[in-house]
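Count residues from 1 along the sequence. Scope of the values below: all heavy atoms of this structure, side chains included, with no hydrogens, waters or symmetry mates.
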Amino acid sequence: QVQLVESGGGLVQAGGSLRLSCAASGRTISTYTMGWFRQAPGRDRQFVASISRSGVTTDYEDSVKGRFTISRDNTKNTVYLQMNSLNPEDTAVYYCAARRSSNRYDYWGQGTQVTVSS
């Protein structure tokens, strides 16, 4: 019922920063826990970060802790992923996802490519 569209991906040099945005429509994201995932070539989709409905609770994959920050603006119906100190290992297609009451993410965006050059 909720549609998600990612933006902000692109090519960045190692050590640089990008901010990804996930714009939602159809439903307010205040009713959803939101997450970011990524998929690198030849690898399965990997959890990156999540944020609770109110924004109080966040969770991060170990390799991005201290570098990435997930946030949400329920008024703007948008979720963000601020990515700092990027390295080539962060290269992947990044997906925004949403879940309601269960632990399963039911809604996914189309993905945005992030490429980090060395």
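Heavy-atom minimum distance, Thr78 versus Lys76: OG1-O, 2.9 Å. The nearest pair of heavy atoms linking Val114 to Leu20 is CG2-CD2, 4.0 Å. Here the closest non-hydrogen pair linking Leu81 and Ala49 is CD1-CB, 4.4 Å. Taking both residues in full, the closest heavy atoms of Tyr107 and Gln1 are given as CE2-N, 2.9 Å, listed atom of the first, atom of the second, then distance. Heavy-atom minimum distance, Arg72 versus Thr33: NH1-CA, 4.2 Å.
Counting only residues at least two apart or in different chains, side-chain hydrogen bond (donor to acceptor under 3.5 Å, both in side chains) contacts with residues 108-118 comprise Glu6-Gln110, Gln113-Thr115. Legend: disulfide (SG to SG under 2.5 Å) pairs involving residues 80-118, not counting sequence neighbours, sorted by first then second residue: Cys22-Cys96.
By the salt bridge (Lys or Arg N to Asp or Glu O under 4.0 Å) test, Asp44 pairs with no residue at all, sequence neighbours left out. Not counting sequence neighbours, Ser52 has no partner by the side chain to side chain donor-acceptor pair (under 3.5 Å) test. For Glu89, there are no side chain to side chain donor-acceptor pair (under 3.5 Å) partners at least two apart in sequence or on another chain. The side chain to side chain contact (heavy atoms under 4.5 Å, CB included) test applied to Val64 returns Arg38, Val48, Tyr60, Glu61, Arg67, Phe68, not counting sequence neighbours.
At least one side-chain heavy atom of Leu4 sits less than 4.5 Å from a side-chain heavy atom of Met34. The shortest distance between side-chain heavy atoms of Ile70 and Tyr80 does not fall below 4.5 Å.
No side-chain donor-acceptor contact under 3.5 Å links Ser21 to the backbone of Ser7. For the pair Asn77 (side chain) and Ile29 (backbone), a donor-acceptor distance under 3.5 Å is present. No donor-acceptor pair under 3.5 Å is formed between the side chain of Gln39 and the backbone N or O of Phe37. In this structure, the side chain of Thr58 does not engage the main chain of Gly55 through any donor-acceptor pair within 3.5 Å.
With Tyr95 as the aromatic partner, Arg45 meets the cation-pi criteria of under 6.0 angstrom to the ring centre and within 45 degrees of the ring axis.
There is no path of hydrophobic side-chain contacts, each under 4.5 Å, that joins Tyr32 to Phe47.
Put simply, CG on Asn103 and OG on Ser50 are 10.0 Å apart, with the number rounded to the nearest 0.5 Å.
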Could you go step by step and tell me if Leu18 and Leu86 meet the side chain to side chain contact (heavy atoms under 4.5 Å, CB included) rule?
CA-CA 8 Å; Leu18 282 174; Leu86 286 162; 4.2 Å; yes

Could you walk me through whether Arg104 and Arg99 pass the side chain to side chain contact (heavy atoms under 4.5 Å, CB included) check?
CA-CA 6 Å; Arg104 178 172 173 265; Arg99 64 176 174 89; 5.9 Å; no

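A side-chain donor from one of Ser17 and Asn84 sits under 3.5 Å from a side-chain acceptor of the other.
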